[in-house]
Amino acid sequence: MNLKSNLFYLLLDKIFVLFITLILSIFTYRVLGAEKVGILNTAQSLWALFGFLISFGLDTILVKFLIRYKKKSKYILSSAFFIKLVGSIFAISLCLISANLFFSSDDSLKITILIISFSGFLTPFSVVDLYLQSIHKAKTGAKARLIAKLASSCIHVVFLFNFIEVFYYAALMVIYNLILVVFYAMILKGLELSFKHLVMFYNKKIARLLVSRSSSLLLASIAVPLFLNSDVVMITYFLGAEEAGYYSAATKLILPLSLVSTSIVIAFFPLLVAISDKENLLNEKLIELSSFMFWFAFFISILLFSYSEEIIEMLYGGGFGPSTNIFNVQIFTVPLAFLGPVGTRWLIIKGYVDVELYKTLAAAILNVALNYLFIREFGAIAATYTSLLSYLVANILFFVVFSKTRVFIRVLFRSLNIKNAYFFVGYIIKKVK
C-alpha cells in the first residue's frame, strides 16, 4: 500500500473527526444547555480516566509484535483481544463504582456514565485496526473510522432535531463503536478472517509476554487522561454540572488548536532527525521552530481574546455567558501548549523518552492537586489557572530538573526573539519553492 496514501487517509481521519466533532458539539451545547452539557462531559471525562485500562499499553507495541512474528499473528491478535477485553471489564467496573461513590445523588449523571461505559465492550475490537497497520493497510482502517464517524454524525444530526435528553447523546459513542465493529467484521471477511480468529487462538504464554512488555507503558497511559479530563470531573463534584458545562464549552474551542501544533511539528520532525548529529544546526532549527510556534500561538490567543465574548455568544448563545471568563484565561495556555510537541520531539531525538513520561506525569499530578485545593473555593476559573501553570511546568520548567535537558531551556529563551520566527517562515517558503 502506498505510504503517502496511508498518511493522507490517517491525517484526513484525524482532521475530519476533529472538525465534525467540534461542529456537532457546538450545536449540541446549544440544544442541551449548560447543565446537561456538564453531565455529558463529566460522564465522558470519567470514562476517559479509566478507559486507558483497555489499551493496557498494547497499542504501542502490538503492531511491532505482529510485524516481527507474522507466523504467530493469529495467536498474538487473539491474546491481545482477550487482554483488552479483561481491561474493558476492569475499566467499566471502576468507572461505575466511581460514579456511585462520587455522584450517588445524581441519577441522570449515573445513567449517562452507564451508557457511555458500554462502549468499553466494543473497544477491544480495535485490535483489528492494529492488525491492518501491521500488514500496511492502515488506509483501510482509516476509511472505516471515517465512514463510521460520518454515519454516527448523521444520527447525531437526527438527534439534534428531535431530542433534548442527554442520554441520546451519550449513546452516540456506543453507536459509533458499534458501526465500526460492523466494518471491522466486513474487513476481516475480505481478508478471509472473522471475529472467530479473535477468540479461537488465545495463547496464555503470548498473553503473558504482551502484558509484561506493555505493563510498563501503563504509567504513561494514565498521565494524559488524568491531565486532560480530571478537571471536568472535579468541577462537577465540587460545583455541580452546570459549572462543568460552562467550563467544557470554553475548553472545547481550545482543543482543535492542539492538532495544528502537533501537525506542524510532525511535518518538520524528519528534518530535525536528519540533522540530529549536527548539534549546532539542530539547535538553530529548534530555536526557529519554537519561535514560530510560540509567536503564532500568541497572536492567535490575542485575536481570540479580543473577540472572546462575541465568539462565545455566536457559537453557544447567551446561555453560556459565564464561559467567556474561562475562555479568556484558557486561551493563554495555547502558546505554552504549542511548545509542548517541540520539546517532546527533541526528547525523542536525544533518547530521553523517560523524561517525557516524568514531565507529563508531574504536570498531571500538579493539575489534580491544585484543582482539588482551589476549585471549591475559587470556582471553575481556578481550573484554567492550574492548567496554565501545569503547561508551564511540563513544557518549560521541567527541563531545568535534569542537567541533560537544560540545554533546551536556552533554546526556549532564544526562541522568544521574534526574528527567529521570521527565519523559520523564510526557510519553509524556500522549501516549498
Side-chain angles (χ1 to χ4, degrees), residues 41-42 44-46 48-49 52 219-239 243-244 246-262 265 290 293-294 297-298 300-301 304-305 323 325-347 352-402 405-406 408-409 412-413 415:
N41 278 277
T42 302
Q44 291 171 341
S45 297
L46 187 64
L49 288 176
F52 74 91
L219 197 59
S221 302
I222 295 171
V224 175
L226 194 64
F227 181 71
L228 293 177
N229 301 106
S230 61
D231 47 4
V232 175
V233 175
M234 295 176 78
I235 289 171
T236 302
Y237 179 73
F238 288 125
L239 307 175
E243 288 296 317
Y246 296 136
Y247 181 83
S248 299
T251 55
K252 178 65 73 173
L253 301 178
I254 306 297
L255 291 176
L257 294 173
S258 64
L259 177 66
V260 176
S261 63
T262 303
V265 176
S290 299
M293 297 293 284
F294 177 80
F298 179 78
I300 289 177
S301 299
L304 294 176
F305 178 82
S323 297
N325 291 333
I326 296 170
F327 183 72
N328 283 338
V329 178
Q330 195 78 27
I331 194 63
F332 287 104
T333 63
V334 175
L336 296 174
F338 263 51
L339 292 174
V342 183
T344 296
R345 264 58 187 188
W346 180 77
L347 291 171
Y352 305 150
V353 181
D354 56 330
V355 177
E356 173 65 20
L357 168 61
Y358 299 149
K359 77 182 184 72
T360 306
L361 193 60
I365 293 171
L366 177 67
N367 196 44
V368 171
L370 293 179
N371 281 336
Y372 180 80
L373 291 173
F374 297 122
I375 284 178
R376 183 162 31 192
E377 185 173 353
F378 297 104
I381 193 72
T384 64
Y385 284 107
T386 59
S387 293
L388 191 65
L389 181 59
S390 298
Y391 275 116
L392 180 65
V393 169
N395 295 340
I396 297 178
L397 299 182
F398 202 83
F399 287 96
V400 178
V401 175
F402 301 96
T405 61
R406 287 171 194 159
F408 192 71
I409 289 293
L412 292 175
F413 276 120
S415 70

If we ignore hydrogens and angles and just use 3.5 Å, is the side chain of S230 paired with the main-chain N or O of F227 as donor and acceptor?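 Judged by distance alone, no pair lies under 3.5 Å.
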Using side-chain heavy atoms (C-beta onward) and a distance below 4.5 Å, is [X] in contact with [Y]?
X    : Y    : value
F398 : V355 : yes
Y372 : Y237 : no
F399 : W346 : yes
N395 : K359 : yes
L412 : F294 : no
D231 : T386 : no
Q330 : Y247 : yes

Closest approach of [X] and [Y], non-hydrogen atoms and distance?
X    : Y    : value
A250 : S323 : CB-O, 3.7 Å
L49  : P225 : CD2-O, 3.4 Å
A223 : A364 : O-CB, 3.5 Å
I235 : A383 : CD1-CB, 4.0 Å
Y391 : A337 : CE2-CB, 3.9 Å
P335 : S301 : CD-OG, 3.4 Å

[atom2] on [Y] to [atom1] on [X], rounded to 0.5 Å:
X    : Y    : atom1 : atom2 : result
M234 : N367 : CE    : CG    : 8.5 Å
L388 : L336 : CG    : CG    : 6.0 Å
I222 : T360 : CD1   : OG1   : 12.5 Å
T236 : N41  : OG1   : CG    : 8.5 Å
F327 : F332 : CZ    : CZ    : 10.0 Å
I331 : T251 : CD1   : OG1   : 11.5 Å

Look at atom OH of Y385 and say whether more than 12 heavy atoms of other residues, nucleotides or ligands are closer to it than 6.0 Å.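 It does not: Y385 OH has 12 such atoms or fewer within range.
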Any donor-acceptor N or O pair under 3.5 Å, side chains S290, S415: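 On atom types as modelled, these side chains do not qualify, holding no pair under 3.5 Å.
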Classify the ring geometry of F378 against F374: parallel below 30°, tilted from 30° to 60°, perpendicular beyond 60°.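 Ring orientation, 0 to 90° scale: tilted.
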Please say which of L304, T384, V334 ends up in a side chain to side chain contact (heavy atoms under 4.5 Å, CB included) with I254.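 Result: among L304, T384, V334, V334 is the only option passing the side chain to side chain contact (heavy atoms under 4.5 Å, CB included) with I254.
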